[in-house]
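All remarks here apply to the structure that follows.
Position 1 is the first residue of the sequence; numbering continues from there.
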Amino acid sequence: MDQWARQQRALALLPVCLALTFSLTAVSSSYWCEGTRRVAKPLCQDRPGVLHCIHYSRGSSDNGTQAVQYIWEMGDDKFVQRRFHVGLWQSCEETLGSTGENCRSFQSVIPAEEQGVLWLSIGAEVLNILLTLTSAVLLGSRVRHHSGFHWLKVDASVAILTVLAGLLAMVAHMMYTTIFQITVNLGPEDWKPQTWDYGWSYCLAWGSFALCMVASVMATSRYTAARRELADKKSGQKGSRHSPQDFQKPKASESVWETETAPSPAGCALIGVSKHLPPEAPGKVSMC
């Protein structure tokens, strides 16, 4: 029975640990949003085998004093799509012709009037992580030690902390989404994406919010069940204190009347009662 209870407490700890892991991964990564950006190709500079650059050939004027460049790419052929990804802290873009990335601070990209909102979003994410970590510590202590009715306060605290963490996470995600959309419209021209979508870090962040809500519901359910069980035990203890009164049973000699039946006129019977009658009362009773 104790092993089963320990497994139940460990199962209650699982969503909180997952929520904490998802939040930490999302905040530390830079894949909240991903997309592509249209960039003009650089000149190949006498490297005919290099891709993603503008190929040209050199000629000379009639007098031979001025070189002429002939560019063969026209229209959209002069541009290339660069992939980029953005997080809370930085924005990174792939480098053409190499496997590296060019990264810069996301704060330097967003408009100046929106930087305060970005810091509010980051602060809400940090508070969400702290509240989720506190809930995990409380539930971890509940797993390691024997549970009792004094753990009601732990369940109540976990329910409050996880719902607050979930609400803070929801507000932080919505603020970041608003900031990114504003930056897409009003950001610098050398950063504006052509196409974009939400990345896996953004999905993890909302998954953490959902797990916090699940953990809060589970903690509230455990608290309600424990309170009901405690109330039932208290009412049972109060009922056991009031034992039923011992009533003396009448003796058999006192509960039996010796009767005699005698014939009587007009269809009535005379019954003689030998006990439990006053001395002056008649010894027979007429019953019709």
Heavy-atom side-chain proximity of [X] to [Y] below 4.5 angstrom:
X      : Y      : value
Phe180 : Phe106 : yes
Ser30  : Gln90  : yes
Met175 : Leu120 : yes
Thr183 : Trp191 : yes
Leu211 : Val16  : no
Glu94  : Arg82  : yes
Val163 : Val217 : no

Regarding Thr195 and Thr36, do their side chains bring together a donor and an acceptor under 3.5 Å, going by distance alone?
yes
Rounded to the nearest 0.5 Å, what separates atom [atom1] in [X] from atom [atom2] in [Y]?
X      : Y      : atom1 : atom2 : value
Leu161 : Leu130 : CG    : CG    : 11.0 Å
Leu167 : Leu131 : CG    : CG    : 10.5 Å
His173 : Ser208 : NE2   : OG    : 6.0 Å

Taking only Lys NZ, Arg NE, NH1 and NH2, and the carboxylate oxygens of Asp or Glu, determine whether Glu93 and Arg83 approach each other closer than 4.0 Å.
no
Salt-bridge contact Arg104-Asp190 (side-chain N to carboxylate O under 4.0 Å):
yes
Give the intermediate values and the outcome of side chain to side chain contact (heavy atoms under 4.5 Å, CB included) for residues Val184 and Lys192.
CA-CA 6 Å; Val184 168; Lys192 285 185 178 180; 6.0 Å; no
Once you measure the plane-to-plane angle for [X] and [Y], does it fall in the parallel (<30°), tilted (30-60°) or perpendicular (>60°) bin?
X      : Y      : value
Trp89  : Trp119 : perpendicular
Trp206 : Phe209 : perpendicular
Trp32  : Tyr202 : perpendicular

CA sep, side-chain torsions, deciding dist, call: Cys212, Thr132, side chain to side chain contact (heavy atoms under 4.5 Å, CB included):
CA-CA 8 Å; Cys212 283; Thr132 308; 3.9 Å; yes
Pair Val158, Leu139 - check side chain to side chain contact (heavy atoms under 4.5 Å, CB included), show working.
CA-CA 8 Å; Val158 169; Leu139 288 177; 3.9 Å; yes
Within the 6.0 Å centroid threshold, strictly below: Phe84 and Trp196
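Not close enough - the centres of the two rings lie 6.0 Å or further apart.
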Applying side chain to side chain contact (heavy atoms under 4.5 Å, CB included), run through Leu138 and Ser157 and close with a yes or a no.
CA-CA 9 Å; Leu138 290 176; Ser157 301; 4.1 Å; yes
Hey, does the side chain of His85 reach the backbone of Cys33 with a donor-acceptor pair shorter than 3.5 angstrom?
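No.
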Does atom CH2 of Trp200 have more than 12 heavy-atom neighbours from other groups under 6.0 Å away?
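Count over threshold, so yes.
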